[in-house]
Each structure stands twice: as C-alpha cells, then as structure tokens.
Number of protein chains: 2
Amino acid sequence: MPDAIPALKAQQSGKETGKDILSEQPAYDLIELFFFAYRDFVSDPDRILDEYGFGRAHHRVLHFVSRQPGLTIAELLDILRITKQSLNRVLKELIEKGFIESRMGTSDRRQRLLFATPQGHDLALKLAKLQTRRIMRALSEMEPEGKEAVSRYLLRLIDPDDRTHVKQLVFGSGKT
Amino acid sequence: MPDAIPALKAQQSGKETGKDILSEQPAYDLIELFFFAYRDFVSDPDRILDEYGFGRAHHRVLHFVSRQPGLTIAELLDILRITKQSLNRVLKELIEKGFIESRMGTSDRRQRLLFATPQGHDLALKLAKLQTRRIMRALSEMEPEGKEAVSRYLLRLIDPDDRTHVKQLVFGSGKT
DNA sequence: GAGATATGTCAACAAGGCTGACATAAAAAT
DNA sequence: ATTTTTATGTCAGCCTTGTTGACATATCTC
C-alpha cells in the first residue's frame, strides 16, 4: 500500500499526534476498489429483476429467504437492517406474485415462516448464478489461499458483534 | 469452496448442459459476505454525515472530488454512474455549504472543474480515516499476499472495460 | 387475566435514483 | 461564418426504498 509509506516515514522521523499511524493513513485503494466492485457486482441482477417488476430490495429478501427456508420476519429484519414497514412492502409483493410463501409458525403461531416457492427458488438461483459468474472470473488464476484471504477480509469487515451470526448464516455452522 | 465440489462431481460423473460448471454453482459465501461487509462498511460514515445534513450520495461525490482535484462533471458522472440531475442535486448542496468549489475549465471553458475546499478536504479525510480503521482491522494479521489477493479480487470484480480506468483512478498510473 | 411479543397496517415523509424537455455557452466542424 | 456538437444547468414529475409514529391483532408467557 503505497499510501502508507510516507506516513510511516513521517512517524518514524518525527512525532505525530494520532494514535496509530497505519490506521490514520487512508487506504484509498481498498476504499475505492470496494466502491467500484460493489457498484458493478449489484448491477448484474438489475436487468433480470426489471423483467419481473422487482428491485434490489426484492432481490435481497428473496435471496435470504431462498437460502434459509423457514426464516422468520424478525430474523430477516435483523439481516437486512431495515424497518418492518420497508420489509413488508417488498415482501408483500413477492408473496402476491408467488415467489415467496408465508406459513404460520408451528411452535410459535405468532411467527411467519417464509419459504421461497419453486418459482422463487428459480429466480433466486438465476440471480445467484449471475453474480457467481463474476466472482469466478475474479477468483480465476487465484490460489486457494487467495480465496481464503478474500473471505477472511470480508468477514472481518463486518461488525464484530455480528460476525458469529453471519458465519452461521453463511457457512451453516461456526467455522471460519 | 465447498459449494463447487458437488457440482464438479456431478459434471465429472454425468453430463451437464451448462457451459462452465464451476460458475454454475452459486458462491453463496462470497455473495453474502460481500453484502454484509458492504452494509457495515458504508454505515460508519453515516453518523458523521448526518451532523452535516449530508447523506451517502454527498459522501461519494465529496470523496472523489477530494481525491481528484479538478475533476469534471462528466468524469464524475462516469465514476458514479448516475444521471446529471441526480448528481447536480447533491453537488449543489455541497457547493452551497462550502465543501466543494466549481471553477470554469481553462482549456475548455464549458467544463466545470471541481475542487474540495479546505473544509471539504477535512470532512473527506475524516470519513476516509473512519473507513480505513475498519479496513486495517480486517487486514491485521494478514500477510502482504493476503492484501494483494483482496485488492486483485476487488479489481477483477469490476467490469473489464472499466478496469484500466479504475486502476488509473485508484493507483494513479496503470499498474496492478 | 395481564403484560410482553411477533407481526401487520395506515399515513406521511425523505433520500436519492430516474425520465423527458428545454436552455445556454463554448468548442468543433463545415 | 454558420451550423452542429458538446458540457453543463435546470424544471417538473415520478419511482424505489428507506424512515417515523401510531395503532391493531393474535399469541405466548407469567
């Protein structure tokens, strides 16, 4: 990281007020690459979603419901970090159009358990494959350790409090 | 990548219709980690932006103008991929509040060259440092090759057509 | 039975995208 | 020199997706 070098020198030669110099020198490269990568990454599904009259909000909901059959509203809200009113708007549309089904909870009948219909699974898979194509292109020619590094990096960008939760969600159990 | 293994087996044992099996098996882990990481990454600056009456759109504009003094409207539009009307709304506010300055182009007087004011640079730096803290936390205990891998991965997620442009923007010249 | 919890819903609003139409000044082309 | 193209600005209205606040219902828990 070229940006860090002048900072390090400044610190070593003189005295700085900041606590940790390395964290004080902006990592412009990773900040900007993250922006551009995300910009392009989420744009792939847009065209397809459009055909169904859906947006990115629908995509997120459908994705997690498809991945976690039986997800409750509360769990989904915790994943997406939006209000129940916002969620309900898109969820309602997904249900009306037959992509998601809501069943009453068995142990707790106040809960709604969400399931993707076959149609819902199809669409979710289609979109996931599209994004996977981009990911595979980026991973190609990359060592397994490289993929490991990327995975660990992304995981550690997440708020520490959420990491175990996310790990469970993503990997199924609790490893890294 | 555990997801790819069953696919590979399916392909090797039988015959599939898809072109490339590896790209057909959803990389759920990287898809979801990317979502959660981005969610938390962009949330850091929000509180500070709020104090100034700004949103994420203002942040993006300010960031790139601060990083590239003399950026033109057209270049900014190309980076952000939004319409000029959308850009103008937030840009106007940034100029009115004294965070960005717009000067007439010298060689082409139709152009507006954008510059961050000292106040603008201060805010941009403050936000960049905040995000850098998260990045450094994620990179800690990571080998230099790990950081390299992350950087290359993000770069290669970007549309191929844009990569050289982004490289120039991010790294200053044209290396990788 | 009382209170807490999971969800649904109405209404209003804000941010930040979009389209379409039109205006101006300056550069470029003829 | 005139015409055309380009870079930007602006008005008006719309859409998606987020927000808050208030209130309703069913069900679980104590």
Side-chain angles (χ1 to χ4, degrees), chain A residues 35 38-39 42-43 45-65 70-97 100-115, chain B residues 35 38-39 42-43 45-65 70-97 100-115:
Chain A
F35 164 76
Y38 196 79
R39 181 195 69 177
V42 298
S43 79
D46 284 354
R47 288 144 252 188
I48 292 171
L49 288 163
D50 226 42
E51 297 168 17
Y52 293 83
F54 291 144
R56 289 176 186 180
H58 301 87
H59 183 194
R60 291 193 284 267
V61 171
L62 179 60
H63 175 94
F64 286 108
V65 170
L71 205 62
T72 68
I73 300 288
E75 288 167 338
L76 196 44
L77 286 175
D78 188 49
I79 288 171
L80 301 175
R81 298 275 175 81
I82 58 178
T83 60
K84 65 178 173 178
Q85 294 93 326
S86 294
L87 171 58
N88 226 273
R89 186 164 37 205
V90 296
L91 183 56
K92 210 191 268 178
E93 289 167 358
L94 283 163
I95 292 174
E96 278 168 5
K97 293 195 185 173
I100 287 182
E101 236 178 56
S102 162
R103 302 184 205 146
M104 195 168 59
T106 47
S107 62
D108 186 337
R109 306 195 317 182
R110 290 170 303 180
Q111 294 182 327
R112 306 294 139 166
L113 308 187
L114 303 172
F115 297 88
Chain B
F35 164 76
Y38 197 78
R39 181 194 68 177
V42 298
S43 79
D46 283 355
R47 288 144 253 189
I48 293 171
L49 288 164
D50 226 43
E51 298 168 17
Y52 293 83
F54 292 144
R56 290 175 186 180
H58 301 87
H59 184 194
R60 290 192 285 268
V61 170
L62 180 60
H63 175 94
F64 286 107
V65 170
L71 205 62
T72 67
I73 300 289
E75 288 167 339
L76 195 44
L77 286 175
D78 188 49
I79 288 171
L80 301 174
R81 297 276 175 81
I82 58 177
T83 60
K84 65 177 173 178
Q85 294 92 327
S86 293
L87 171 58
N88 226 274
R89 185 165 36 206
V90 295
L91 182 55
K92 210 191 268 180
E93 290 167 357
L94 284 163
I95 292 174
E96 278 168 5
K97 293 196 186 172
I100 287 183
E101 235 179 56
S102 162
R103 304 184 204 147
M104 194 167 62
T106 47
S107 62
D108 185 336
R109 305 195 318 184
R110 288 172 304 181
Q111 294 182 329
R112 306 293 139 167
L113 308 185
L114 303 173
F115 298 88

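Within every chain, numbering begins at 1; the chains are lettered A, B, ... in the order of the sequence lines, protein sequences first and strands thereafter.
For the OP1/OP2 pair of dT10(D) and a distance below 4.0 Å, the side-chain nitrogens and oxygens of Asn88(B) include at least one atom meeting the criterion. The side chain of Thr83(B) contributes no N or O atom lying less than 4.0 Å from OP1 or OP2 of dG17(C). For the OP1/OP2 pair of dT19(D) and a distance below 4.0 Å, the side-chain nitrogens and oxygens of Ser86(A) include at least one atom meeting the criterion.
Between Leu80(A) and Phe64(A) the shortest side-chain heavy-atom distance falls below 4.5 Å. Looking only at side-chain heavy atoms (C-beta outward), Asp46(A) and Arg56(A) come within less than 4.5 Å of each other. Val61(B) is not listed as a side-chain neighbour of Leu114(B), based on a closest heavy-atom distance of 4.5 Å or more. Side-chain contact between Leu113(A) and Thr72(A) is present, with at least one heavy-atom pair separated by less than 4.5 Å. Side-chain contact between Val65(B) and Leu94(B) is absent, with no heavy-atom pair separated by less than 4.5 Å.
The nearest whole Å value for the distance from the NE2 atom in His59(A) to the P atom in dG18(D) is 14 Å. Between the CG atom of Leu114(A) and the C1' atom of dG8(C) there is a distance of 13 Å, given to the nearest Å. Distance CG (Leu113(B)) to P (dG9(D)): 11 Å, rounded to an integer number of Å. Summarising the geometry, the separation between NE2 on His58(A) and P on dC15(D) is reported as 14 Å, rounded to the nearest angstrom. Separating the CG atom of Leu87(B) from the P atom of dG9(D) is a distance of 8 Å, rounded to the nearest angstrom. One atom, CG of Leu71(A), and another, P of dA6(C), lie 14 Å apart when rounded to the nearest Å. Note: CD1 (Ile82(A)) to P (dT20(D)) measures 12 Å, nearest angstrom. Atoms NZ (Lys92(B)) and C1' (dG16(C)) sit 15 Å apart, rounded to a whole Å.
Listed for the Lys97(A) side chain is no donor-acceptor partner under 3.5 Å among the backbone atoms of Phe54(A). Side chain of Arg39(A) to backbone of Ile79(B): a donor-acceptor contact under 3.5 angstrom is found. When atom types are taken as modelled, the side chain of Arg103(B) and the backbone of Phe115(B) share no donor-acceptor pair closer than 3.5 angstrom.
Nearest-nucleotide mapping onto DNA chain D: of Thr106(A) and Arg60(A), the residue sitting toward the 5' end is Arg60(A). Along DNA chain D, the nucleotide nearest Met104(A) and the nucleotide nearest Arg81(A) are compared for position; the residue whose nucleotide lies closer to the 5' end is Arg81(A).
Donor-acceptor pairing under 3.5 Å, judged by distance alone, is absent between the side chain of Gln85(B) and the base of dG13(D). Remark: the Lys84(A) side chain and the dG8(C) base include a donor-acceptor N/O pair separated by less than 3.5 Å. Residue Arg89(B) places a side-chain atom within donor-acceptor reach of the base of dG17(C), judged by atom type and a 3.5 Å distance cut-off alone. Scanning atom types as modelled, one donor and one acceptor separated by under 3.5 angstrom connect the side chain of Arg110(A) and the base of dT5(C).
The end-to-end axis angle of the helix from dG1(C)-dC30(D) to dT30(C)-dA1(D), rounded to 10 degrees and based on five pairs per end, is 30°.
Closest to the side chain of Ala57(A), from the set dT19(D), dA27(C), dG18(D), is dG18(D). For Asp108(A), the side-chain atoms get nearest to dA6(C) when compared with the rest of dG16(C), dT7(C), dA6(C).
Ser102(A) comes within contact range of no nucleotide atom at all, as no heavy-atom separation falls under 4.0 Å.
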